[in-house]
Amino acid sequence: MKALDLIVSPSPHIHSGAKMTGISYHILIALLPAVIVGISTYGLDALRVICSSIACAMVFEALIQKLFKKPITISDGSAAVTGLILALILPASVPFYIVAVANFAGIVIGKQCFGGLGANPLNPALVGWAVIRITKAWAGYLDFDLALVNYDTGFLMQYPLAVLKAQGASALSHFDMIDLFLGKQTGGIGAAAIVWILIGGLYLVVRGVIRWEIPLFFLLGTAALSGIFWLTDQAAYAGPMFHILTGNVMIGAFFLSTDSGSSPVNRWGLVVYGLGCGAMTIFLRAWSDYSDGVVFACLLMNLFVPLMDKIKDKQKVPEVRSLG
Amino acid sequence: MDYIILIISSLLINNILLAQFLGNCPFLGTSKRMDTAIGMGIAVIFVLTIACIVTFWVQHKVLDPLGIDYLQTVSFILVIAALVQLVEMFLRKFAKPLYTALGIFLPLITTNCAVMGAALLIIRKEYTFTQGVVFAIASASGFTLALILMAGIRERLEISDVPLALRGTAIGLITAGLMALAFFGFQGMDAALTALVRS
C-alpha cells in the first residue's frame, strides 16, 4: 500500500460501537424470514443451496486469504452474507457446482482480488450471479420456469416476468397482486418472498445498517419509470405495482444495491444511485434479453459509484466561538 | 429515430471497448487518473471522428472508383497515422498541459485499434456519411465513458490493499472484465429498440 494523505480531524473521536461482525449478523437476521419461507416452499433443496452457498463463500474466502498471505477474516460474517444473498436469488434446483462457480467468481474475483472487504467495486454476489447468467450452457439453470418444474408449491408455477417478456402485459391478468405480495410466486429461493424481504429490509433501515435513501429511491425509480411506460402503452407494459412486486426488485432495493463497498457515501449520491438502479431495472426489463434486469442494473450503477461520490454534500462549516 | 438507436447502440450496447474489446492498451494506460482519462477521452473523440470522416472519403472517392479495395488497410493506417501527428502538433502548440499530460499516449492513438476498428466498421456496415459520423462520435463517446468509469474505479484501487501479485495492469484487466460483465446487461436491447421503432 502506498502512503496516503488521509486527513485526520482533531480529537475527540467517537466510535459508534459498530463492528463488521455486528453489521453482518444484522443482515443475516434480516434475511432469516425469507430463508425460512424459502425452505418451507421448496423444502430440503432450498436448504441445500443456501448451506452450500454460504459454505463455498466462506471456504473460498479463507483459502484465498491464506494464498494472498492476509489475515483470515471469515469470522466477520461478510462472506456468509455474500453467500446467503447469492443463494436467495438462485432457484432451488441449481446443482452444487453452479453454486461453487458463482461463489468463486464473486468472492475471489469480485472481492478478494480487489483487496477484500469494502474495496470491491461491484457487489460480489451479483458478480457471481451474472457470471452464471451469461454463460450460455448454464443460463437454463437460472430460468425459473424450467428449473422449478418439478416442485409442487400450491400456487401458480409461472415466472411472472417471463410471461411479461413473452406475451406482454395483457397476459398478466391471472396474477393476483395480493398473492404476489405474500410471496406466492415463482422466483429465487428468498427473493420471491416479497413481504418477508420488505420486513427484513425495514429492520436493517431501523437498525441503521443500510440507509433509507437507496431502497426508497430504488422503488421510486422503478415505480416512476414503469408508470411512464405503462401510461404510454398499457397492452405492452405492466404497471408499477406489478414491477415492484415481482422478481428481484424488493431484494434488490434492500439487499443487493446496498452493499456498503459498492454504494455511494453522500446523500445526493445515494439518491442518484437509487433512482438509477430503479430506472435501469425497468429499461432492462422492457428491452434487454433478460426477463429480470435488477442484477445487471445494480452492477451497472455500481460502476458509476466513484463518479456519484464526487457529488459532495454541502457541509456546514462549524462556527468557532471564543470561550471568553 | 434510427439515429437515436444508432447512438444508444454504439454508446452502450455495442460499446467499442467493453463489448468489442477494441482499444484496450490506451484503456489500461490512461485510466489511472481521472484528468488523464478525460483528456484522453476527448482526444479520442476528436481523432476518431476526424479519422472516420477522412477514411470514409478515402474509401468512396479514391479506393472504390479506382478499384483498389485491397489497399484499404494500408491506406487507412497511413491516413490515421498522419492525422494523429497533426493532432499532436496542434496540441503541442495550443494545449501544452494536455500534451504533457497525455505524454506517450497521444502517439499511441496511432495504433489505437478503436480508431482503426471504427473506420473499418463504418465501411463494412455500409453506413451513409451522416450515419458514419454519428457512429464515430457515439463510439468514441462510449470509449470515453468506459475510460472515465474505469478511472473512477482505479483511483479507488490506489488506496485499497490489492494483493501484491495483482497490482497495476493485472487488476486493471480484471476490472475491465467485470465492467464488460456489467455491460452484458444491455444484450438484446438494440434488436428490441429497432422492433419498437418499426412497429
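Numbers restart at 1 for each chain; the letters A, B, ... are given by sequence-line order, proteins then strands. Just so we're clear, the structure is a prediction, and the values are computed from it rather than from any experiment.
- With a 4.5 Å cut-off on non-hydrogen atoms, B:Ile153 touches chain A through its backbone and its side chain both.
- Interface remark: A:Lys69 contributes no atoms to any contact with chain B (heavy atom separation under 4.5 Å).
- A:Tyr273 contributes no side-chain N or O that, together with a main-chain N or O of A:Phe304, makes up a donor-acceptor pair within less than 3.5 Å.
- Remark: side-chain polar atoms of B:Gln131 are paired, donor with acceptor, to backbone N or O of B:Thr128 under 3.5 angstrom.
- The residue among B:Ala170, B:Gly177, B:Ala182 with the most heavy atom pairs within less than 4.5 Å of chain A is B:Ala182.
- Proximity to chain B (any heavy atom under 4.5 Å) is restricted, for A:Leu307, to the side chain, taken from C-beta onward.
- Heavy-atom pairs under 4.5 Å with chain A peak, among B:Leu196, B:Ile171, B:Ile174, at B:Ile171.
- Of the listed residues (B:Ala151, B:Ala165, B:Ala192, B:Pro163), the one with the most heavy-atom contacts under 4.5 Å to chain A is B:Pro163.
- Between chain B and the options A:Leu126, A:Leu67, A:Ile134, the largest number of non-hydrogen pairs under 4.5 Å is found for A:Ile134.
- Shown here for A:Ser226 and A:Ile282, the closest heavy-atom pair between the two residues is CB-CD1, 3.8 Å.
- No part of B:Ile13 comes within reach of chain A, as not one of its non-hydrogen atoms sits under 4.5 angstrom from that chain.
- Per-residue heavy-atom pair counts under 4.5 Å with chain A were compared for B:Gly185, B:Gly152, B:Gly188, and the maximum is reached by B:Gly185.
- If you measure heavy-atom distances from B:Leu166 to chain A, the contacts under 4.5 Å come from the side chain alone.
- Residue A:Val295 does not touch chain B at all, counting heavy-atom pairs closer than 4.5 Å.
- No donor-acceptor pair closer than 3.5 Å links the side chain of B:Ser160 to the backbone N or O of B:Val162.
- For chain A, the nearby parts of B:Leu178 are the backbone and the side chain; heavy atoms of each come within less than 4.5 Å.
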Stepwise side chain to side chain donor-acceptor pair (under 3.5 Å) check, B:Gln59 with B:Asp64: CA-CA 6 Å; B:Gln59 174 75 25; B:Asp64 278 351; 3.2 Å; yes

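- Of the possible polar contacts, none joining the A:Asn103 side chain to the A:Cys56 backbone as a donor-acceptor pair under 3.5 Å is found.
- Proximity to chain B is limited to the side chain of A:Leu122, based on heavy atoms less than 4.5 angstrom apart.
- Across B:Met150 and B:Met179, no two heavy atoms sit closer than the pair SD-SD, 3.7 Å.
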Check against side chain to side chain donor-acceptor pair (under 3.5 Å), A:Ser288 and B:Gln187: CA-CA 6 Å; A:Ser288 79; B:Gln187 242 183 22; over 6 Å; no

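- In plain terms, the two heavy atoms of A:Ala238 and A:Leu164 that are nearest each other are CB-CD1, 3.9 Å.
- Between chain A and the residues B:Leu164, B:Ile148, B:Thr175, the most heavy-atom pairs under 4.5 angstrom are made by B:Thr175.
- The aromatic rings of B:Phe56 and B:His60 sit tilted relative to each other, their planes meeting at an angle between 30° and 60°.
- Interface residue B:Leu145: only side-chain heavy atoms are found under 4.5 Å from chain A.
- Proximity to chain B is limited to the side chain of A:Phe68, based on heavy atoms less than 4.5 angstrom apart.
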